[in-house]
Structure formats: structure tokens, C-alpha cells
Amino acid sequence: MYQESLTSQGDSMNKVVKNAAEAIAGISDGMTLMLGGFGLCGIPENSINALVKSGVKNLTCISNNAGVDDFGIGLMLQGKQVKKMISSYVGENAEFERQLLSGELEVELLPQGTLAERCRAAGAGIPAFFTPAGYGTEVAEGKEVREFNGKQYIMEKAFESDYAIVKAWKGDTDGNLIFKATARNFNPLMAMAGKITIAEVEELVQPGELDPNSIHTPSIFVNRIFQGVDYEKRIEQRTIR
Amino acid sequence: MLTKEQIAQRIAKELKDGYYVNLGIGIPTLVANYVPNDIDVTLQSENGLLGMGPFPTEEEIDADLINAGKQTVTTLPGSVFFDSATSFAMIRSGRVDLTVLGAMEVNDKGDIANWKIPGKMVKGMGGAMDLVASAQNIIVAMQHTNRAGESKLLKELSLPVTGLGCVKKVVTNLCVMDITARGFELKELAPGVSIADVQAATAGRLIVEGNIPEILF
């Protein structure tokens, strides 16, 4: 691990990797991963496919959703690669529900804002915070409760993760990232939170080509970057007027 | 009895000019179809969009532009995108004026359950727990009874709670009720529904006082 972080973080000029397989090098059994996206929107498709191919197992995955049966994190569930999911909503995935109810899969469900803030806190060097979300519910079990200004709050801690894997619209070879529309969601928060952050982008450009006013994730948070291929961008609920 | 569309239409009457509104999945989403013409409301979608527009045409569909129900949507002039932490900052800090949610159960103290049926269904709370813990005003849109005909308006919740003492108003297929310290206060009846019908379908404390008017649209 020590060697790993030295080589991946030491040389800022060397963040660009060839493809997803190279990007996920070092991800091994039992690690904790953050995966960006909301539903199937803004998920790191290339990296997920590489993780499926790699066969890495016993992963703990922090991601708002768990994909669908045959796409996204759902593919990792089919391969029984996930030991534990930490999510806010998993309703679109029948295989997930089956594994959960049968006890094969461990799951921690969290309020969506809590999930987001636990990522943000990790990336901001803040170990814990208080939120009203989940007070008086199962989510609060075992957590410190404190009153501020007459209202009850529960303490939530920053996530710890080995790798964060995010998907951006555009990125430069230094690691600066721009996200598109609602594909932003958890991606910039997770990008800040990984011990090692992998970014896959639709378009990789040279430094200087992105407007500094428009960059969402500053390069300092990103360790590895590559231009993905063959984005499917599957739509869960194609709805027209 | 009200249809789902009529429940949404009645809730739309609660909207006020300048409101920021978060609409949950299901009946609440339909409220957007009945916003009165003479007011402006801004829809917040917790996956990272303020100023949500209508569903797209076939040509406008963009896989990167969805709402919290994962449906394809559009933007409007003045729309803005943001990350999930910023989205819930808006919600927790009380800037969203009205939240409309579906529910599996509501009790007469304003507690709501809508995220889990132990041993049977686990979907998760999504943004609901953050919304109910912080929203200024929460209206629940729901059917008065479940498929087995049992009341969903209870004295005590049987399902895991989502939030405590947060629901202010419930609009069902049978009636409109406010939730106060005294319980469910019957305010309006759906066409063709009697007080006795509501009493028979409500398991929690029900307050019926004075003349109860029919719901107007």
C-alpha cells in the first residue's frame, strides 16, 4: 500500500493511464471503493467493467445506488464481488434485493444527504458532523445524539475508502475535471474523498484547454485519469412529454 | 373518491408564488402538471437540479439529465446543476419551502414511514429522511388504505419510521386532513365520500368538527 501511494501520488505529471484496466491496478480483495453516479447517470462505466473483468472480491462499495441487474454495479453483484453496499436507494435492482434478503450481501442504507456529506467530510478533512436526517430512526442506532438549538441531531462520520472512482465529462491531463448536467451528483464529492482517486472522462484534453472558471474538481484531488471508451449511458426511465 | 391526478391537483393548490418545491416519486411528481398559471414555483430535484423543466421530446433526451426518479427531464431558463452535497445543503438548511412525498404509513402525530418493509421490501430512504428532517412544510400524497383495505393512517406506525412529527397535511383519495397536536383533523371530503367513510378508513385519532366542505379544484 505504501509503495502504491508513493508511485501514484508522487509524480503529478504521470496521472494519465492508458485505460480502465491500468487505472484500477492495485484494487484488491477486501478494499473499500467509492463509485460516483446517481442511478445509472454519471457512473464510471469503463472502470466498473474493468473491475468485473478483474474478478476482485469482497469489496465494500459506497455508491448512492447499486445499478440495475445487468448494468453498473449490478454487474459486480452478479459476480458476487461485493461483500457490502453502502447506499441510499437500491430499489431498481432485483438481484440486490435477493442477495440482501437472503443474507448473502451486507448493506448499510443511509439518507442520501448523509451519504453525500460523509463523502464531502472525508474530502474536506472533517472527521464527523451532526445532521438531523435519520434522528429517531434505525439510521440513528448506535450513533451519538446531540441537541442544538432545541433540535435533535445525530453524529455521522467521514467515510474511509481506499479508492474513489468517478466519471467526468471533460478532464485535462493534470486531473482537472468538469461534469455535465445531473451526471455531476456524487462524483466531485467522491473525487475529493478517496485515498486514491481514479477519474474516467469522455474527453481528455491538455492543460489550459479547460476554462479555469468552469472546473468543478481541482486536479489536486485526482491521482489517475484516462479517457473512457464506448459509453453506453443507459437511461433507466426514458420519459418524454 | 379522487384519482391520483386529482390528489396531485388538490396539492397544487397549496403552492405559492416564489416557492422552491421538492416533489417525490409517484403521485407527487404529478403535482408539477397542475401548477397554477399565475404563479412561479421552482422545482428542486435532489440529484442536483434546481429549476426542473418538463419531460423532453424524443430529440431533447439527454442521458446526463435526469430527475430524482431517474426520469429524463429538461432545464428551463435559470436552471442550475450542482453536486449532491450542495443539493442537501439546500434541503437541510430549510430553503426548500414545500416537500410532497408518498408514504406507506402516517400516524396521527405526523410520523411517516416510507422506506422499508422488514423481510419483504428494501428499497432505501433515498433523500426522504433528509427532506422530512428539515423541510419547512411536508404534504403527504397517498391512498387512504392499502391493497388489503387496511388503513395507512394510524395511531402507531407498524413499519420503520422515516421521520418524526414532520407531516403537516395529508391528501388521500378520500379527503384532506391536517395533522395537529390533536391528531388527523378532517378538512375537506372528496366528492362522493362521507364522514363515515373516512372514519371507517382511518385508524388514528380523527377529529371532525363543524361542516366539512367538498374538495374544490
Side-chain angles (χ1 to χ4, degrees), chain A residues 38-42 64-66 87-92 96-97 100-101 107 109-117 119-121 123-124 131-139 151-153 169 179-189 216-217 231-241, chain B residues 25 45-49 52-75 79 81-92 111 113 115-116 118-134 160-165:
Chain A
F38 181 96
L40 301 178
C41 183
N64 189 57
N65 312 89
S87 303
S88 88
Y89 190 82
V90 293
E92 335 288 357
F96 182 102
E97 206 161 340
L100 174 61
L101 293 172
V107 69
L109 288 166
L110 292 168
Q112 195 177 135
T114 298
L115 191 78
E117 198 65 13
C119 294
R120 201 196 72 84
T131 176
Y135 170 72
T137 75
E138 286 178 17
V139 168
K151 185 166 173 169
Q152 302 297 323
Y153 295 80
W169 180 32
F179 304 91
K180 188 180 153 221
T182 55
R184 191 180 321 180
N185 55 64
F186 288 82
N187 282 301
L189 309 166
H216 298 126
T217 295
Y231 282 103
E232 186 177 335
K233 292 197 185 184
R234 199 183 292 187
I235 295 172
E236 279 180 74
Q237 306 285 340
R238 177 179 289 269
T239 314
I240 55 173
R241 62 170 174 261
Chain B
I25 297 166
S45 191
E46 68 266 24
N47 58 318
L49 169 58
M52 181 169 66
F55 297 128
T57 61
E58 192 67 49
E59 295 71 38
E60 288 172 332
I61 285 179
D62 179 354
D64 291 324
L65 180 44
I66 63 169
N67 66 15
K70 283 101 179 177
Q71 296 169 308
T72 45
V73 291
T74 56
T75 54
S79 291
F81 301 116
F82 35 84
D83 66 61
S84 302
T86 306
S87 181
F88 284 91
M90 297 171 189
I91 289 164
R92 279 193 306 266
D111 304 341
W115 71 284
K116 183 181 183 182
K120 276 191 195 155
M121 189 276 303
V122 184
K123 292 195 184 300
M125 64 291 283
M129 273 190 190
D130 309 89
L131 283 159
V132 299
S134 301
V161 63
T162 307
L164 299 174

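Residue numbering restarts at 1 for every chain, and letters A, B, ... go by the order of the sequence lines. Values below: every heavy atom of this structure, side chains too, minus hydrogens, waters and symmetry copies. On a predicted model such as this, the values are computed, not experimentally measured, just so you know.
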**Student:** So which of G126(B), A128(B), G124(B), G127(B) has the biggest tally of heavy-atom pairs under 4.5 Å with chain A?
**Tutor:** G126(B)

**Student:** Name the member of D64(B), T162(B), V161(B) that forms the most heavy-atom pairs with chain A at distances under 4.5 Å.
**Tutor:** D64(B)

**Student:** Under 4.5 Å between any side-chain heavy atoms of N65(A) and K70(B), yes or no?
**Tutor:** yes

**Student:** For chain A, which of D111(B), T57(B), T75(B), T72(B) has the most heavy-atom pairs under 4.5 Å?
**Tutor:** T72(B)

**Student:** If you compare all heavy atoms of R241(A) against all heavy atoms of P54(B), which two are closest, and at what distance to 0.1 Å?
**Tutor:** NH1-CG, 3.7 Å

**Student:** Do you know which two heavy atoms are closest between S134(B) and P132(A), and how far apart they sit?
**Tutor:** OG-CG, 3.5 Å

**Student:** Apply side chain to side chain contact (heavy atoms under 4.5 Å, CB included) to F81(B) and H216(A), showing your working.
**Tutor:** CA-CA 11 Å; F81(B) 301 116; H216(A) 298 126; over 6 Å; no

**Student:** Of all of V107(A), L110(A), L115(A), which one pairs up most often with chain B through heavy atoms under 4.5 Å apart?
**Tutor:** L110(A)

**Student:** Chain A: which of S87(B), A89(B), A113(B), A63(B) shares the most heavy-atom pairs with it under 4.5 Å?
**Tutor:** A63(B)

**Student:** Which atoms of E46(B) are under 4.5 Å from chain A, going by heavy atoms: the side chain, the backbone, both sets, or neither?
**Tutor:** both

**Student:** If you count heavy-atom pairs under 4.5 Å with chain B, which of A181(A), A133(A), G91(A) comes out on top?
**Tutor:** A181(A)

**Student:** Quick one: are F88(B) and T131(A) in side-chain contact, heavy atoms under 4.5 Å?
**Tutor:** no

**Student:** Roughly how far, to the nearest 0.5 Å, is CZ of F82(B) from CG of N185(A)?
**Tutor:** 11.5 Å

**Student:** Name the option with the most non-hydrogen atom pairs under 4.5 Å to chain A; the candidates are K120(B), M121(B), R92(B).
**Tutor:** R92(B)

**Student:** Check whether T114(A) gets within reach of chain B through its side chain, its backbone, both or neither, counting any heavy atom under 4.5 Å.
**Tutor:** both

**Student:** Of all of L131(B), V122(B), L65(B), which one pairs up most often with chain A through heavy atoms under 4.5 Å apart?
**Tutor:** V122(B)

**Student:** Heavy-atom pairs under 4.5 Å with chain B: which of E117(A), K151(A), K180(A), R234(A) has the most?
**Tutor:** K180(A)

**Student:** Over all heavy atoms of both residues, which pair between P111(A) and D130(B) is shortest? Give the atoms and the distance, please.
**Tutor:** CB-OD1, 3.3 Å

**Student:** With a 4.5 angstrom heavy-atom cut-off, is it the side chain or the backbone of K116(B) that approaches chain A, or both, or neither?
**Tutor:** side chain

**Student:** Side chain, backbone, both or neither: which part of L40(A) has a non-hydrogen atom closer than 4.5 Å to chain B?
**Tutor:** neither

**Student:** So how far is it from R184(A) CZ to L49(B) CG, rounded to the nearest 0.5 Å?
**Tutor:** 11.0 Å

**Student:** Is any side-chain heavy atom of N47(B) less than 4.5 Å from a side-chain heavy atom of C41(A)?
**Tutor:** no

**Student:** Counting C-beta onward and ignoring hydrogens, is there a side-chain heavy-atom pair between V139(A) and M125(B) closer than 4.5 Å?
**Tutor:** yes

**Student:** In Å and rounded to the nearest 0.5 Å, what is the CD to CD1 distance from Q112(A) to I91(B)?
**Tutor:** 8.0 Å

**Student:** Determine whether a donor-acceptor pair (N or O, by modelled atom type, separation under 3.5 Å) exists between the side chain of T182(A) and the backbone of G48(B).
**Tutor:** no

**Student:** Could you walk me through whether L189(A) and S84(B) pass side chain to side chain contact (heavy atoms under 4.5 Å, CB included), step by step?
**Tutor:** CA-CA 8 Å; L189(A) 309 166; S84(B) 302; 4.0 Å; yes

**Student:** Can you name the closest pair of heavy atoms from N67(B) and F38(A) and give their distance?
**Tutor:** O-CE2, 4.0 Å

**Student:** Where on I61(B) is there a heavy atom nearer than 4.5 Å to chain A: the side chain, the backbone, both, or neither?
**Tutor:** side chain

**Student:** Taking atom CD of Q71(B) and atom CD of E236(A), what is their separation to the nearest 0.5 Å?
**Tutor:** 11.0 Å

**Student:** Is R120(A) salt-bridged to D83(B), going by a charged N under 4.0 Å from an acidic O?
**Tutor:** no

